[in-house]
Every structure is written in structure tokens, then in C-alpha cells.
There are 2 protein chains.
Amino acid sequence: MRSDCPLNYGLEIFGDKWTLLIIRDLMFFGKRYYNEFLSSNEGISTTVLADRLALLEKQKIIKKQKDPEHKQKIVYSLTQKGIDLLPIIINIGMWSSTYSKKVSDKMECYFADIRKNFEKGIAALKAELSATHLE
Amino acid sequence: MRSDCPLNYGLEIFGDKWTLLIIRDLMFFGKRYYNEFLSSNEGISTTVLADRLALLEKQKIIKKQKDPEHKQKIVYSLTQKGIDLLPIIINIGMWSSTYSKKVSDKMECYFADIRKNFEKGIAALKAELSATHLE
DNA sequence: CCGGATCCGTTTCGATACTG
DNA sequence: CAGTATCGAAACGGATCCGG
């Protein structure tokens, strides 16, 4: 049996609880700063967070940039490769809601959170665009 | 930020390397016996294998039955809930082949393995059906 | 023989405290 | 604020043993 099957490449990401949580936070909850990841309810520790951020950056799933406005801050964001994980994350959510009543009951609250976050993102984008326009 | 989001339910499965490998072996490589899982190239140890099989059974993703032919053997197989993980596994494979040349080059060999295994499964099914028909 | 359970040395993880 | 250093806890791998 061959060991180099396609699943294995994804295993470094999907075989780890914390990387998935970081991706979820970036994708749905608009978290971008080290501190924001730390304060997620699952309670990731600083050691593990630093380790996983480095791993995800090495894999080019996220990228690390200096915040142009607050020089001391560092902004993390998804690359295209990271964004392309969306269908997988969605599928996991769908599977979960099919098989866990607890999850399916909470779906609406969850969507509300995501929606709210997207609105926030769109507002930020608008502000950014109008600032560019004024220059 | 709510912690009980849909991803979390799937995390016990997708947050662990070994459970994913067992599911892959069941889904694509036709493995069914304890020994067959042990001999996968990734080298799972007996302790971890027993632990994960128990976890997956508890989660009703796999089921455990006595082999009707060889009484001392135990057959593991996917439940419907387990089979429903297929879209996710496929998506992971697609994502991997998009972003890893090493993976995409090997895709055809991988498909050949799966195809061969399905043929084996279909042959077994035919044999089973004709035996039933003869009774 | 097959599917595990137990024991044990080693590796990895993670919580807390601390630093540039 | 974004991480390292340290150190105890947990997980892992391998060998061995055991019940059916």
C-alpha cells in the first residue's frame, strides 16, 4: 500500500486540532492578531499558538504582515491556498450538523456571528477604499 | 466568541492524524482487520490503534462485527455516518493535489489503487450474492 | 493465530513565567 | 504585543503478555 497518498499532504493541517481552530478564526471570526487567537474559547497556549502560526506560514496557508497603522502589531491573514480550504471547512460543518443535534440547534447563532463579522469586514473595506480615493 | 461552533464537533475526528488514516484505509484501501490497519505504511502502534478504533466506534463512525466465516476475526466497517465523510476526504485530496506537485504527480497511481480495491469489493459482493441465490 | 491490554522508556505537548 | 524558556503532564512506540 502506497504511503504517499493525497490525504497525507493535508494531514499536517487536518491531523491537528489547533491549526484547524486558527483557520476557523481567520476564516469566519475575523481574528487577525496573536492576542485575538489566544483569547478564543478553546484556550490555546502561547507556545502552541506560536508553533502553529509558524507551521501555517511555512506551508503558505497564512501570511504575516506588519500592520501599516500600528507598527508594533503583526497582522495574520489567509493566503489563497488558505482560502481554498473553505469548502473543506464548510463540509465538516455540514457533516457535524447532520449528526449532532447540539450542533444543528446552534447553527443559526453561528451563522449570525459569521454574518456580523462579514459586515464588519465590508465596512472596513469600504473605509479603506474611500481613504484610497481621497488620496 | 462562541466556542460551540460546528467545526468543534468534527474536531475529535479531524483534529487527529490517526483517525483520519484509519478512515482513509477503510474508505479507499479496503482494510477491515486490526492487522491490516497495523501494517499501513504510517506505522500506527497497537496501543494507539486500539484507542482510535474504540473512539471511532463510540462516535458511531465505524462498526465492529464478528467475521461470520472466521470466528476469531473481527471485521471493522464504516457506518453511514462514516461513509458521509467521503466528500470531506475527497475535498482534502483535491486541495492537496492543487497545492502539492508531489501529490498531483501521484494522483493516477492513487486512483489505480482505489479502482483495484473497488473491483475487489465488487467481486466479493457478486460472490456473496450468487451464494445467497444458491441457498 | 487474532485482537487487544499492560508496562515502560522516549518524545511531544502545553501551562506558566518571563523577555526583547 | 509577540513571542521564548522551562518544566511537568500527556501521548506515543515497541515489546510483551494474555484470553479466546
Side-chain angles (χ1 to χ4, degrees), chain A residues 1 3 8 11-26 29-59 61-79 82, chain B residues 1 3 8 11-26 29-59 61-79 82:
Chain A
M1 194 59 55
S3 70
N8 296 27
L11 228 58
E12 216 167 342
I13 312 308
F14 290 98
D16 182 75
K17 173 186 172 185
W18 298 114
T19 53
L20 279 177
L21 289 174
I22 293 171
I23 291 167
R24 176 206 64 184
D25 283 348
L26 280 163
F29 298 138
K31 301 195 177 180
R32 289 158 305 166
Y33 302 113
Y34 195 89
N35 269 345
E36 293 178 314
F37 299 121
L38 270 187
S39 66
S40 82
N41 284 19
E42 289 81 9
I44 190 169
S45 76
T46 62
T47 343
V48 178
L49 178 58
D51 181 82
R52 297 308 192 279
L53 286 172
L55 172 73
L56 286 168
E57 199 196 355
K58 194 179 140 208
Q59 295 274 340
I61 289 167
I62 64 174
K63 59 180 183 289
K64 191 172 165 174
Q65 292 160 305
K66 280 195 180 139
D67 189 324
E69 308 212 2
H70 321 82
K71 292 267 177 186
Q72 70 269 53
K73 278 200 162 190
I74 289 174
V75 190
Y76 292 94
S77 57
L78 291 168
T79 62
Chain B
M1 195 56 57
S3 70
N8 296 25
L11 228 57
E12 214 168 342
I13 311 307
F14 290 97
D16 182 75
K17 173 186 172 185
W18 298 115
T19 53
L20 278 178
L21 288 174
I22 293 170
I23 291 167
R24 176 205 65 182
D25 283 349
L26 279 163
F29 299 139
K31 301 196 178 179
R32 290 159 304 164
Y33 303 113
Y34 194 89
N35 271 342
E36 292 180 315
F37 298 121
L38 268 187
S39 66
S40 83
N41 284 19
E42 288 82 9
I44 190 170
S45 73
T46 63
T47 354
V48 177
L49 177 57
D51 182 80
R52 297 305 192 279
L53 286 173
L55 172 73
L56 286 168
E57 199 197 353
K58 194 178 139 207
Q59 295 272 343
I61 289 168
I62 64 174
K63 59 179 182 287
K64 193 172 165 174
Q65 292 160 305
K66 279 191 182 145
D67 190 325
E69 307 213 2
H70 321 82
K71 292 268 178 184
Q72 70 269 50
K73 281 200 160 191
I74 289 173
V75 190
Y76 292 94
S77 59
L78 291 167
T79 62

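Numbers restart at 1 for each chain; the letters A, B, ... are given by sequence-line order, proteins then strands. All values below come from the heavy atoms of this structure, side chains included, with hydrogens, waters and symmetry mates left out.
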Task: B:Lys63 atom NZ: more than 12 heavy-atom contacts under 6.0 Å - done: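 For B:Lys63, atom NZ is crowded (more than 12 foreign heavy atoms under 6.0 Å).
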TODO: Starting from the 5' end of DNA chain D, give me the residue, B:Ile44 or A:Tyr33, whose nearest nucleotide shows up first.
DONE: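 Final value for this comparison: A:Tyr33.
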Using residues 47-58 of chain A as the side-chain source, report each donor-acceptor pair under 3.5 Å to any protein atom, sequence neighbours left out, with the distance given to one decimal.
unit_1: A:Arg52; atom_1: NE; unit_2: A:Asp16; atom_2: OD1; d: 3.3
unit_1: A:Arg52; atom_1: NE; unit_2: A:Asp16; atom_2: OD2; d: 2.8
unit_1: A:Arg52; atom_1: NH2; unit_2: A:Asp16; atom_2: OD1; d: 2.9

Open item on the list: Need one value for B:Lys66: base, sugar-phosphate or nothing, where a base atom within 4.0 Å counts as base even if backbone is also close, heavy atoms only.
Closed with: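 It contacts nothing in the nucleic acid.
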TODO: Would you classify B:Lys17 as touching base, sugar-phosphate or nothing, given that sugar-phosphate means primed atoms plus P, OP1 and OP2, and contacts are heavy atoms under 4.0 Å?
DONE: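 Here B:Lys17 touches no strand at all.
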TODO: Taking the side chain as every heavy atom from C-beta outward, state whether A:Ile44 and A:Leu38 have any pair of such atoms under 4.5 Å apart.
DONE: yes
Measuring from the side chain of [X] (C-beta onward, heavy atoms only), which nucleotide among [options] has the closest atom?
{"X": "B:Thr47", "options": "C:dG14, C:dC7, C:dG3", "value": "C:dC7"}
{"X": "B:Lys73", "options": "C:dA17, C:dC2, C:dG14", "value": "C:dC2"}
{"X": "A:Arg52", "options": "C:dA15, C:dC13, C:dA17", "value": "C:dC13"}

Task: side-chain contact (heavy atoms from CB on, under 4.5 Å) assessment of A:Leu21 paired with B:Asn8 - done: CA-CA 8 Å; A:Leu21 289 174; B:Asn8 296 25; 4.1 Å; yes
Given atom [atom1] of [X] and atom [atom2] of [N], what is their separation to the nearest angstrom?
{"X": "A:Leu55", "N": "C:dT12", "atom1": "CG", "atom2": "P", "answer": "14 Å"}
{"X": "B:Phe37", "N": "C:dG3", "atom1": "CZ", "atom2": "P", "answer": "10 Å"}
{"X": "B:Asn35", "N": "C:dC2", "atom1": "CG", "atom2": "P", "answer": "6 Å"}

Open item on the list: Under 4.0 Å from a heavy atom of chain B: give me the 5'-most and 3'-most nucleotides of DNA chain D that qualify.
Closed with: D:dC12 to D:dA15
Task: Pairwise distance OH(A:Tyr76) to CG(A:Asp25) - rounded to 0.5 angstrom - done: 14.0 Å
Task: Salt-bridge contact B:Lys73-B:Asp67 (side-chain N to carboxylate O under 4.0 Å) - done: no
